[in-house]
Amino acid sequence: MPELPEVESVRNGLQPIVGRRIIRASLFRRDMLESLSAPLNIPRAMLQGRRVERIDRVGKQLGIIADGGSVLGIHLGMTGQMIVSHPDLPRSTHDHAHWVLDDGLALTFRDPRRFGGLRAAHSASELFENLGPDALEIRAKELKLGCGNSTRSIKAALLDQRVLAGVGNIYADESLFRARIRPSKECRCMTDDQFRALAGSIRKVLSEAISYGGSTLRDYRKPDGERGEAQRLHRVYGRAGMPCINCQTTLKSDTIGQRTTVWCPRCQ
DNA sequence: CGACCCCTGCGC
DNA sequence: GCGCAGGGGTCG
């Protein structure tokens, strides 16, 4: 569900827990927690007794950084939510983890489809080690390097988190539309100008979406329960068969990189 | 590289 | 009832 703008909005919504101490941590499903470096002591991995120093993010990966150097990674998958509330909020079906903090705060990790999860790490760098540069700050040179001389489509490359971290299906299509590049274009055929335009579009599309609080299509919610409004900015995603906002040509749709892809056959 | 799998819920 | 959904991993 969430791409970089949604995860960044979640990070912003988690600020109330920064500086708070975790009194009690509970894990309701063991298989939702994995350890990057064994062995695994659950209360320890869940940061019980620690104070939250800050929340980091690279791409779609969040990390709760605690005192003493422990790090707990959170990946929201398609339907994951982090909910800041009170300790007495009743547990619901798809809640997998719960933290009681001081100051009357509580945190819940909920994820109906269970594509997300928690990961215990020894450091932030360990948590983020397999990710490419964060998409909010992607440079044309890095994008070109990550794509290489590959025959795969530029869209598939944008979805590859080792090339750049944070772009998913919505913002890949939106960035390609703004840069006027066809999603099926092979990486090896991209010009330097196109890499420049695409890198710029990615940064712009993502930062605008953050300022709107992320896109709420179905179940995405900020930690305070509010919806994002960035879906108002979508120019091609979800608009297959409708007219292009630039030229009125009917937007096309096909599967590229295993995902539904929408583009304007004239502008792109 | 693409194909297929993981899982639940929703709208048609 | 079916197909689809913002995520990723593992195969061949």
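Every value quoted in this text rests on a predicted model; they were computed, and no experiment measured them. Convention: sequence-line order gives letters A, B, ...; per-chain numbering from 1.
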Does the distance from a Lys or Arg side-chain N to an Asp or Glu carboxylate O, for A:R114 and A:D111, drop under 4.0 Å? no

Does C:dC11 have a Watson-Crick or wobble partner in any strand here, with both distances under 3.5 angstrom, and which is it? B:dG2

Could you let me know what B:dC7 is paired to, Watson-Crick or G-U wobble, both distances under 3.5 Å, or none if it's on its own? none

From the list C:dA5, C:dG6, C:dG8, which nucleotide is the closest neighbour of the side chain of A:T260? C:dA5

Can you measure [X] atom [atom1] to [N] atom [atom2] for me and round it to whole angstrom units?
X      : N     : atom1 : atom2 : value
A:R259 : C:dG3 : CZ    : P     : 18 Å
A:H234 : C:dG6 : NE2   : C1'   : 9 Å
A:R227 : C:dG6 : CZ    : C1'   : 14 Å
A:M32  : C:dG7 : CE    : P     : 16 Å
A:K155 : C:dG7 : NZ    : C1'   : 13 Å
A:L4   : C:dG7 : CG    : P     : 11 Å
A:Y171 : C:dG7 : OH    : P     : 10 Å
A:N169 : C:dC4 : CG    : P     : 13 Å

So what does A:Y237 hit on the nucleic acid, given a heavy-atom distance under 4.0 Å: a base, only sugar-phosphate, or nothing? sugar-phosphate

Is any side-chain heavy atom of A:R182 less than 4.5 Å from a side-chain heavy atom of A:P265? yes

With the side chain counted from C-beta on, respond yes when A:L198 and A:L143 share a heavy-atom pair under 4.5 Å apart, and no when they do not. yes

Main chain of A:G166, side chain of A:Q161: is a donor-acceptor contact present, judged purely on distance under 3.5 Å? yes

Does the Lys NZ or Arg CZ of A:R227 fall within the cation-pi geometry relative to A:Y220 - under 6.0 Å from the ring centre and within 45° of the axis? no

Taking protein heavy atoms under 4.0 Å as touching, what does nucleotides 7-12 of chain B look like 5' to 3' if B marks base contact, S marks sugar-phosphate-only contact and - marks none? BBS---

Please confirm whether the shortest side-chain N or O distance from A:H75 to OP1 or OP2 of C:dG8 is below 4.0 Å. yes

Kindly say if A:Q258 contacts the phosphate of B:dC4, meaning a side-chain N or O under 4.0 Å from OP1 or OP2. no

Could you tell me if A:S70 and A:R50 have a donor-acceptor pair between their side chains, going purely by distance under 3.5 Å? yes

If you measure from CZ on A:R44 to OG on A:S35, what distance do you get to the nearest 0.5 Å? 10.5 Å

